[in-house]
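Working notes, beginning with the structure itself.
Quick caveat: nothing in here was measured; it's all calculated off a predicted structure. Here is the naming used below: chain letters follow the sequence lines, and residue numbers restart at 1 for every chain.
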Amino acid sequence: MTEKNLEEVLYLLQLHYEAYANVKAFADKFKHPHPTDTRGWSQIIVSALTGIGGYERKKGPDLEDGSDVKAANCWDAIDTPRFNGCIKAGTQADVANSLASLDKMPYLFFVMWDVTEKTKKERCRIWVVRTQYDQRFRDMADLWYRQRAAGTIRSDNFQLHPPRNLDHNVFRNNCGVLEYPLLFEAHASNGKYSVKLADPTMLTRGCCKVIAN
DNA sequence: CAGGTTTCTTGGCACCCTAG
DNA sequence: CTAGGGTGCCAAGAAACCTG
């Protein structure tokens with residue numbers, strides 16, 4: 001996460017914002033959803049930030065080192081945005097349905113677009129979980145996998161509820177309420193982004209903290 | 001408000017067909 | 001036989017829909 005990385009990320013965030021802002025008037029006028037590709041933009045921005053390239057073939061992980069990127073966009077969302085399918089379950093992968101899926105993955109990145117709590121500035125935040133080492137996260141995932149194995153949970157969709165339009169870092173679900181390591185944050189003021197936080201130590205030492213169970 | 005479920009889109013890939 | 005085009009199915013992921 002060098003200055004060069006941050007410069008590139010800012011440029012991409014700016015592109016993303018302008019693409020959104022420019023097309024939104026037309027999306028509204030013709031009553032279509034805005035065509036921003038949250039997944040695609042998020043993956044590129046995470047690569048720009050961390051230097052970890054994409055996984056060239058589309059199936060499998062998102063990044064070349066086996067990491068995954070989850071994305072959610074609150075701008076003009078109809079429903080409550082959240083992170084869907086954060087950990088593998090019910091898929092064909094041989095490690096699906098257990099913590100083994102986390103052992104194969106160095107990082108799990110969460111990218112969310114929302115607005116700041118008080119001033120309502122457009123914002124992009126990126127959290128990172130070190131899936132192989134983060135014991136609090138693994139405990140929570142393990143609880144979910146065990147409830148699913150036991151039939152208490154029937155869904156394959158592991159969901160996390162992020163802090164939408166709120167200035168904190170707590171993601172919730174019934175298996176654990178944790179504070180997540182914030183890697184990056186940028187705000188737009190009058191349509192111009194600036195970096196509010198970029199903390200590369202989260203890639204080596206970040207850990208979730210238990211807020212409640 | 002959490003979360004289960006459905007919808008919609010995209011890309012990979014196997015398979016089939018045909019022209020050369 | 002081989003290269004290339006066409007097609008249809010499957011997996012994945014985010015957003016929307018819905019329920020208690």
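Among the protein residues, A/Asn73 comes within range of the sugar-phosphate backbone only, with heavy atoms under 4.0 Å from sugar or phosphate atoms but none that close to a base. Residue A/Arg82 is in base contact, counting any heavy-atom pair closer than 4.0 Å across all strands shown. Residue A/Val111 is classed as having no contact, given no heavy-atom separation below 4.0 Å to the nucleic acid.
For the OP1/OP2 pair of C/dA15 and a distance below 4.0 Å, the side-chain nitrogens and oxygens of A/Thr38 include at least one atom meeting the criterion. Residue A/Asn157 has no polar side-chain atom (N or O) positioned under 4.0 Å from OP1 or OP2 of B/dG3.
Closest to the side chain of A/Lys70, out of C/dG13, B/dA2, C/dA16, is C/dG13. The side chain of A/Asp68 approaches C/dG13 more closely than any other nucleotide in the set B/dG4, C/dG13, C/dC17. Side chain of A/Ser155, nearest nucleotide from C/dA16, B/dT5, C/dA14: B/dT5. With B/dT5, B/dA2, C/dC17 as the candidates, the nucleotide lying closest to the side chain of A/Ile78 is C/dC17. Listed nucleotides C/dA16, C/dA12, B/dG3 differ in distance to A/Ala77; the shortest reach to its side chain belongs to C/dA16. Of all nucleotides listed (B/dG4, B/dA2, C/dG13), C/dG13 comes nearest to the side chain of A/Asp62.
Between the side chains of A/Tyr20 and A/Asn73, no donor-acceptor pair of N or O atoms lies under 3.5 Å. Side-chain contact annotation: A/Ser101 with A/Tyr145, donor-acceptor N/O pair under 3.5 Å present.
Side chain of A/Arg164 to main chain of A/Pro81: a donor-acceptor pair is present (N/O by atom type, distance under 3.5 Å, no hydrogens or angles).
Classification of the A/Trp113-A/Trp75 ring pair by plane angle, with boundaries at 30° and 60°, yields perpendicular.
Comparing A/Gly85 and A/Gln159 by the nucleotide of DNA chain C that holds the closest heavy atom to each, the one mapping nearer the 5' end is A/Gly85.
Following rounding to the nearest Å, A/Asn165 (CG) and B/dC1 (P) show an atom-to-atom distance of 12 Å.
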